[in-house]
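Excluded from the calculations below are hydrogen atoms, water molecules and symmetry mates; all remaining heavy atoms, backbone and side chain alike, are included. For clarity, every value in this text was computed on a predicted model and none was experimentally measured. Numbering starts at 1 and runs along the sequence shown.
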Amino acid sequence: MPGSDAIFMQAALVHARQAALEGEAPVGAVVCIGNEIVAAGHNRTVADHDPSGHAEIVVLRDAGRTVDNHRLVNATLYVTLEPCAMCVGAIVQARLARVVFGAYDPKAGALGSAIDLSDSPAFNHRFEIQGGVLAADCAAVLQEFFAARR
């Protein structure tokens with residue numbers, strides 16, 4: 001794991017905690033190009049009444065506006081939870097170079113846990129994947145949030 005992966009995942013965790021404070025499922029994400037964060041955010045499905053308001057989608061939209069391009073070919077997405085199928089589709093469309101995630105999601109993770117879309121012949125783009133970065137910290141934020149709601 002490159003040394004910067006943990007640093008950028010910590011940044012994503014800050015946004016995951018903010019999501020929890022706002023009553024959203026605590027998933028945070030950042031998009032980096034080189035060593036610079038170009039977009040950061042968290043889940044906004046509840047606040048925006050938007051089923052596509054996952055942290056990944058939120059930051060990909062913001063990153064595209066920041067770099068003035070829908071293609072993010074040299075970018076890395078850091079997200080605290082393994083992306084779902086919808087988000088993997090957006091990752092492919094953005095042409096990300098790399099995806100780094102924290103906690104694995106055995107129920108809906110689409111990069112190896114519930115399903116693996118990373119090498120689907122239906123997609124015309126491949127990207128590097130690194131899972132499990134600060135996984136315990138990322139999982140703890142989710143577990144604490146959902147335990148408090150029960």
Side-chain angles (χ1 to χ4, degrees), residues 1-2 4-20 24-34 36-143 145-146:
M1 157 174 52
S4 59
D5 283 355
I7 293 167
F8 291 125
M9 190 60 73
Q10 286 288 355
L13 274 164
V14 168
H15 291 278
R17 292 182 185 103
Q18 182 60 41
E24 299 278 358
V27 178
V30 299
V31 172
C32 298
I33 298 176
E36 179 184 354
I37 295 175
V38 297
H42 55 74
N43 274 5
R44 296 198 43 86
T45 58
V46 176
D48 293 348
H49 310 288
D50 180 1
S52 71
H54 290 197
E56 299 94 326
I57 304 295
V58 169
V59 298
L60 290 176
R61 286 176 178 156
D62 191 30
R65 285 188 292 267
T66 298
V67 302
D68 200 27
N69 196 329
H70 67 289
R71 301 288 193 224
L72 302 167
V73 295
N74 296 315
T76 299
L77 170 69
Y78 293 86
V79 61
T80 58
L81 182 65
E82 180 181 358
C84 72
M86 174 184 69
C87 293
V88 171
I91 288 163
V92 168
Q93 292 302 313
R95 304 297 194 264
L96 289 175
R98 190 165 177 252
V99 174
V100 179
F101 66 87
Y104 287 86
D105 185 355
K107 292 182 180 178
L111 291 179
S113 291
I115 189 171
D116 189 355
L117 296 177
S118 66
D119 65 353
S120 171
F123 292 142
N124 62 348
H125 175 71
R126 303 287 177 263
F127 50 92
E128 183 183 334
I129 302 163
Q130 176 66 53
V133 175
L134 301 182
D137 294 338
C138 294
V141 171
L142 288 157
Q143 291 163 349
F145 176 80
F146 288 109

Inset, instruction - Examine the side chains of Thr45 and Asn43 and answer whether a donor and an acceptor come within less than 3.5 Å of each other. - result: no
Legend entry - Nearest-0.5 Å distance, CD of residue Glu24 to NE2 of residue His42: 7.0 Å
Inset, instruction - With side chain to side chain contact (heavy atoms under 4.5 Å, CB included) as the test, would you mind laying out the steps for His54 and Val27 before giving the verdict? - result: CA-CA 8 Å; His54 290 197; Val27 178; over 6 Å; no
Inset, instruction - Identify the two heavy atoms, one from Phe145 and one from Ala25, that lie closest to each other, and give their separation to 0.1 Å. - result: CE2-CA, 3.9 Å
Inset, instruction - Supply the atom-to-atom distance Tyr78 OH to His15 NE2, rounded to the nearest 0.5 angstrom. - result: 14.5 Å
Legend entry - Greater than 12 external heavy atoms within 6.0 Å of Asn74's CG: no
Legend entry - Spacing of Thr76 atom OG1 and Gln130 atom CD [to the nearest 0.5 Å]: 11.0 Å
Inset, instruction - Using modelled atom types only, decide if a donor and an acceptor are shared between the side chain of Arg71 and the backbone of Gln93 within a distance under 3.5 Å. - result: yes
Inset, instruction - Could you check if a side-chain atom of Leu111 sits within less than 4.5 angstrom of a side-chain atom of Val99, using non-hydrogen atoms only? - result: yes
Legend entry - Distance (rounded to the nearest 0.5 Å) between Ile91 CD1 and His125 NE2: 9.0 Å
Legend entry - Arg61 and Asp50 ion-paired at < 4.0 Å: yes
Legend entry - Beyond-backbone contact of Val30 with Val59, side-chain heavy atoms, under 4.5 angstrom: no
Legend entry - Stepwise side chain to side chain contact (heavy atoms under 4.5 Å, CB included) check, Arg65 with Val38: CA-CA 10 Å; Arg65 285 188 292 267; Val38 297; over 6 Å; no
Legend entry - Derivation and outcome, side chain to side chain contact (heavy atoms under 4.5 Å, CB included), residues Val88 and Phe123: CA-CA 10 Å; Val88 171; Phe123 292 142; 4.1 Å; yes
Inset, instruction - Measure the CG-SG distance between Asp105 and Cys138 for me, rounded to the nearest 0.5 Å. - result: 12.0 Å
Legend entry - Side-chain heavy atoms of Arg17 within contact of Leu13, under 4.5 Å: yes
Legend entry - Atom pair CD1 (Ile129) and CG (Asp116), whose distance is rounded to the nearest 0.5 Å: 6.0 Å
Inset, instruction - Take Leu96 and Leu60, measure what side chain to side chain contact (heavy atoms under 4.5 Å, CB included) needs, and give me the verdict at the end. - result: CA-CA 10 Å; Leu96 289 175; Leu60 290 176; 3.9 Å; yes
